[in-house]
Amino acid sequence: MSEDTAAVAAHEQQRAPVGKDNGRGISGLLASPAGRNTGLVVALVLLCLGGVVTAGDRFADVDNLLTILRLAAVIGVVSVGMTFVITGGGIDLSVGAIVALSSVWATTLATQGIANDTHWIVIVFTALLVGGACGLVNGALIAYGRVVAFIATLASLAAARGLAEIISNRKTQIVNVPGFAAFFDASVLGVPVLVVIFAAVAVAGWVLLNRTTFGRRTFAVGGNPEAARLAGIDVRRHTVMLYTLLGLCCGLAAVMLVARTTTGSATHGGLYELDAIAAVVIGGTLLSGGRGTIAGTVFGVLIFTTLSNVFTLNNLSISAQAVAKGAIIVVAVLLQQRLARRSGA
Amino acid sequence: MSEDTAAVAAHEQQRAPVGKDNGRGISGLLASPAGRNTGLVVALVLLCLGGVVTAGDRFADVDNLLTILRLAAVIGVVSVGMTFVITGGGIDLSVGAIVALSSVWATTLATQGIANDTHWIVIVFTALLVGGACGLVNGALIAYGRVVAFIATLASLAAARGLAEIISNRKTQIVNVPGFAAFFDASVLGVPVLVVIFAAVAVAGWVLLNRTTFGRRTFAVGGNPEAARLAGIDVRRHTVMLYTLLGLCCGLAAVMLVARTTTGSATHGGLYELDAIAAVVIGGTLLSGGRGTIAGTVFGVLIFTTLSNVFTLNNLSISAQAVAKGAIIVVAVLLQQRLARRSGA
Amino acid sequence: MTAPAAALLSVRGLVKRFPGVTALQGVDFEVRAGEVHCLLGQNGAGKSTLIKVLSGAHRPDEGEIYWRGELVSFGNPTAAMRSGVAAIYQELDLVAGLSVADNVFLGHELSTMGFSQRAEARRRTRALLDLLGHPEISPDRDVGQLSVAHQQVVSMARALSLDGQLLIMDEPSAVLDPDEVRVLFGVIRELTARGVAVVYISHRLAEIREIGDRVTVLKDGRTVATGLSAREVKTSELIALMTGRVLDNVFPDRKPVAPDAPEVLVVRGLGDGDRFRDVDFTVRSGEVVGLAGLVGSGRSEILETVYGARKAADGTVEVNGRALRRGSVGAAVRAGMGLCPEERKSQGLLLDQAVYRNITVSSLSSFARFGFLDDRAERARSGRLTEALDVRPAGVDRVVRGLSGGNQQKVVLARWLLRECRVLLLDEPTRGVDVGARSEIYELIRELADSGVAVVVVSSDIEEVLGLADRVLVLREGRVVHDGPADEIDESRVLDLVMEGHAA
Amino acid sequence: GNTPQNQGGGNQGGVKVANDEPGKKVVIGFSAPAADHGWMAAITNAAKAEAGKYSDVELRVVEGTNDVNLQISQVETFINDKVDAIVLLPFDGAALTPVALKAMKAGITVINVDREFDSPFAARSTVLGDNHGMGVSAGNYVCERLKGKTDAVVAEIAGIDSLPLTQDRSRGFAEALASCGLKVSNRVAAEFTVESGEKAAANLLQAARRIDAIWNHDDDQGVGVTAAIKNSGRNEFFMVGGAGSANVMREIKADNGPHKATVIYPSTQGADGIRLARLVVQGKSLGDLVEVEVPRQVELYAPVVTKDNVDRYLPTAFES
Ligand SMILES: Nc1ncnc2c1ncn2[C@@H]1O[C@H](COP(=O)(O)OP(=O)(O)OP(=O)(O)O)[C@@H](O)[C@H]1O
Ligand SMILES: Nc1ncnc2c1ncn2[C@@H]1O[C@H](COP(=O)(O)OP(=O)(O)OP(=O)(O)O)[C@@H](O)[C@H]1O
Ligand SMILES: [Mg+2]
Ligand SMILES: [Mg+2]
């Protein structure tokens, strides 16, 4: 077992050791970030092959691929934020509820008379503000109130959804602000705006996590909070920032969801917590903190969305989908582990 | 109310260690297991006070207390099992799905012609067998397949629910085996059988966790798996046993649910994973493993069920209930932490 | 082929590879019943790895192990324990949250039909702790709340409870004070008298002379000498075998602190309301102050409080005349303070991250422009430091977890060297560090001091405190009982001071 | 919104019947599944509004839940409280049967709404929406519009697939289609929420390149389905809704979207349950019937709303 521990430890290196201390040829290549995700890439490719074989050109079609990406966009933005929180040693069960609350609050503004004159950008800012504020509250509860993250965000989950129901009076709020829909329904060089946003968030997230002091501190805080504290990092402030960041992502996801469905609703974001955590963890981010990969998360999200797309194209029953989904998750993880271990050695 | 709860809790409570090495007066008392749960006890008592104040003798009534306990029984049994898995450093998201699958499988037997002649005990054994087998698969995937527990059990969650739907053909299966209902609807000295089962499971769980080799090893495996391995414990085998134990608890819970509803259904046990984990964690078991308390879990379960009972009695708006629930969870945890810290535990 | 009958354990050509490193590349040695066999070697030489192979925790890649003349393979720790091999690992592998008694009997619990015999376990634990000279440890205490020293004692009790034929101890004395080491030696003598063999690892040559019978020296995973007589072999010869070079003077020369050197660190009336109070001391620029005291006298707490990692109840801490905010590590670090904590694994290191990231974690902003890090500069600067400190194996991208204990310590030191602190607080800086590296670290501390840094050193090794410090503070039960220049006090006087009221 | 006026149901327009005169005080407990979609929220809102119209009714509404165990205990609490009547929309009819029986045994009037118990003794009276009929109505409408097109592609967006009601609807739909030689070519299931509807529809539109008709079980998720259709820019098909939200009816009326019809599944069932409970407890009969007792079962009709008759239904439609 300790051998494996060592392998895992090696796998945890953020960058492939380059240069003289590591002339390991192919294995060195495999240990690169692309290599670390080999398993995921293989799983995704297999899935796509499955799609092509079973659904032919209905699957391998630009429109269908854009559909998959559009579906991935909303949960993808949340998952990128979740990667930060989990890497920093936390967890957030309230993401779906925050998405719901943000969507409701933002659309309440938009559906009220006053807002008819205001620009649609107000919706965007409201959602971001509400999301960020929720994240801030979560972070403060966890870092300064010292409530276990699981419980604190479970409480937020209940509270935020309840609040969303109260504000919306449990109705679906339909937005008709014209500029809003127009902006988000547009495409940039054939790529839908939602997908562009997701890509931008992913890239920004990657840079933030891997190229900045903030990201480096996130790894430290998640890996060993006591050591991080003694190294002079303000662990609590950093924790608050992580949850706030995730809250902002949820706010953005809410905007995207409002744009997609033209509605704000207290039922939005149902079970996002599980979907996002699953994508993050299957991507290779350690639930216990200290190790995280945005690329892995993006792959994780794509795997799950492609999966449901392929299922639907094949007209599979929901029950059969569930069974197959379980099996595929396990296979993907096993594959990823085997390949990662080989590349780490 | 509080007397009854206290009585149940007293069963599972470790007697305060007596003797010279712990002569620290009040702080010594507070550090005893009873003391470690002070916050939970206080929270529960406050909740009960709230119940009495707002609902008067509708709350403080034997029938109402039995209603609370009956409600607590099913999720309570699952939570006791969950305490073991979490103490042992794991997590299980598939408990609800396992309950559903066990209930469906057991009732499929009972609703098929063949079973008309067989004794109702067959239902019980089938449910236990199915639950145990699911747990075994989970454990094997995690310990030997080395799939992260979160992902492995998420996969099981999908697969088991899908399977339950397929087996039951998405119908609710009604059980009419006479002895079965009669047995579980009975009371022992005025206490419903379901509550007796819950109490028995809690006591057995307490003994197993605190008085046996198995329990000691569970703490070790969860607290420091490498140390446990070096001490000669077969960590992987132990992990499999923990998940199997939880699976058995889920099987038992399925039996109880079938008895309570006279049905098996693929929708049974919805979101039990969150409820059980919340009860366990609020009870003071560390999500990261190595520390666990059955008494705390029982308090956690009672707090949640009492909460919904008080809400039911008070005719509160549903959304307001959700908000209040969130707030109360946080307060309970803060209270528990402050008091636990003061007691030096 | 069979091993000589006299050997209890005999090892031939042992090889153990880790991903990227070959920790053992051909180790041979043998242990006779009733002897104390010492293993010597620099940090990273492979001693701990060897122990883990012998106790079944690692499986060797090549080589043979003979136990009582028979070829065996200990597939897991249980198999080794059954045969009678008991080990105390360097990284105290105890389970926090379980009681002392539970830890002692973990894996070989006393039970009837699965139920723990708690009273019996407690009784036997009590007896073992008494034997080890620690009647004050309660078998019911949570191990996580014990000091490192007491945890070490529990580990020893655990090994003794196995009642083995071969007892392997990986640096047991690293966290013990001289008094406790004496008790430990008593126990070892008793065991060997009963025919039990002991494999003893330590970086302190004096101990090896005192307790050892024969010595085996490892270098770079190979046996370079075996069967040397522990009492007769010359120190210089041992050092030469281990390091491949000759070292003479361990402690560097002191330079007298200029009398007008500014008082960089001023601590006044510090107390935490519990473990210590009224602690006053000052450290001048260029001065090394040593804190001596028994384990549990509160030295670590004082350092941590000065550093802001614990909140002070009374008193002030000033750096360069400016009082620090209480309980704020950030304030201390910004004021130019650095701490190498006592427990490097749990307090000091990001175990699963690369060496360079561990080194730069406290100086990130100096590598950043607008928050973006210059990864290459980080590696380069870290590389220079690890080279200077001779961290082995080299390579700033290595994961810290895979480094040997001593090398991990150097990584923590490098962190603060990089930051160029004005005040450096060192808690047991040479714990688990080999002689060679030790003198390098002493050298380094001296250089730092000479460049104007104010240094505070806590060490359980009184010789080290006296040899390194300009001024010595002696602590007893949370109070400063002596404060004076290092050359006006000797080891026995310090011992007297710390023990006063203790021995009686 | 759900103003009391348009919640009243059909029988209010006529004579002011004696039934509305205040009688003895009636305490009614109301329990329903979690209001996790608009129709279910409307059920509870309508029930509350209805109760508010009667000075002699005290309504106790408990937290909506999808956990049968919790819902059982809520009913147990009502029994402990000795309420006069319980209006129960069970998450799972069969699973709540034992406790309903217990309530009946305790002398409490139980009115079963929407999802049927499996014992006739478990409720004094049952108000049922006609799920199977809904599917039949939708199917017949589709048949009618696609008359003669035997190769037509019909798609179905179902609700929560694990609920018996979804299967009843699908069965009815399939049967009706079969009667005119059509079948469901593509079927996906959503979760009654806007978001899930959007998701399911987006995938569905990829799965079938040409569609002639879509039946969507639920107008709540229909909002999302509509958004997805708009997104895809497709318009070669027509769509039939389900449940009958005001929003969809307005669209039908304006005739500017894919919805050409919707099949009503009354969200006023809970309100009807409240009325029936009150009548039973007060010993009154049902207004326009000769019968002196309240009937054992009231099955509500599932009419198809089209542009032609939408004005008749719009006032009682629920806002999703
Ligand atoms: N789990 C592991 N994974 C990778 N490398 C390892 C692992 N354990 C040890 N090593 C490597 O093996 C070599 C020997 O380490 P070991 O811990 O045995 O040294 P040691 O002689 O005990 O040193 P010290 O005196 O510092 O304790 C080192 O180079 C170390 O980096
Ligand atoms: N978290 C804790 N809870 C309770 N007691 C503790 C805790 N940490 C340490 N102690 C106790 O405090 C005392 C001081 O331990 P500590 O290791 O800090 O002393 P020290 O003087 O720094 O010695 P050393 O240099 O060996 O570390 C010990 O007796 C230990 O049992
Ligand atoms: Mg070592
Ligand atoms: Mg210390």
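Labels below follow one simple rule: chain letters A, B, ... track the order of the sequence lines, proteins then strands, and each chain is numbered from 1.
- Contacts of N169(B) with chain D are made by backbone atoms alone, with heavy-atom separations under 4.5 Å and no side-chain atom involved.
- In this structure, T267(B) OG1 and D67(D) CG are separated by 9.5 Å, a value rounded to the nearest 0.5 Å.
- When each of D185(B), I75(B), T263(B), V74(B) is scored by its heavy-atom pairs under 4.5 Å with chain D, the top score falls to T263(B).
- Proximity to chain B (any heavy atom under 4.5 Å) is shown, for I79(D), by neither the backbone nor the side chain.
- Once rounded to the nearest 0.5 Å, the distance linking CZ of R70(B) with CD of E76(D) reads 4.0 Å.
- The main-chain N or O of R170(B) is found under 3.5 Å from a side-chain atom of Q167(D) such that the two form a donor-acceptor pair.
- Atom CH2 of W105(B) has 12 or fewer heavy atoms from other residues, nucleotides or ligands within 6.0 Å.
- To the nearest 0.5 angstrom, S73(D) atom OG is 9.0 Å from N64(B) atom CG.
- Within the 4.5 Å cutoff, no side-chain heavy atoms of T261(B) are placed close to those of D92(D).
- Considering every non-hydrogen atom in both Q74(D) and T312(B), the closest pair reads CG-OG1, 3.9 Å.
- Remark: L70(D) CG to L271(B) CG distance equals 12.0 Å, nearest 0.5 Å.
- Heavy atoms of other residues, nucleotides or ligands lying less than 6.0 angstrom from CD of E191(D) number 12 at most.
- The contact between F91(D) and chain B is made entirely by side chain atoms (from C-beta outward), counting heavy-atom distances below 4.5 Å.
- The most heavy-atom pairs under 4.5 Å with chain B, out of N66(D), V68(D), D161(D), T166(D), come from D161(D).
- Annotation: maximal heavy-atom pairing with chain D below 4.5 Å, among T67(B), T172(B), N314(B), V258(B), occurs at T67(B).
- The CG atom of L96(D) lies 9.5 Å from the CZ atom of R260(B); values are rounded to the nearest 0.5 Å.
- The CD1 atom of I72(D) sits 7.0 Å away from atom CG of L257(B), with the distance rounded to the nearest 0.5 Å.
- In this structure, no portion of T97(D) lies under 4.5 Å from any heavy atom of chain B.
- Side-chain atoms of R58(B) and N80(D), non-hydrogen and from C-beta on, never get closer than 4.5 Å to each other.
- Annotation for K25(D): atom NZ counts as buried by contact number, over 12 foreign heavy atoms lying within 6.0 Å.
- Residues D81(D) and L313(B) are in side-chain contact: their nearest non-hydrogen atoms beyond the backbone lie under 4.5 Å apart.
- Minimum heavy-atom separation, D118(D) to I174(B): OD2-CD1, 3.0 Å.
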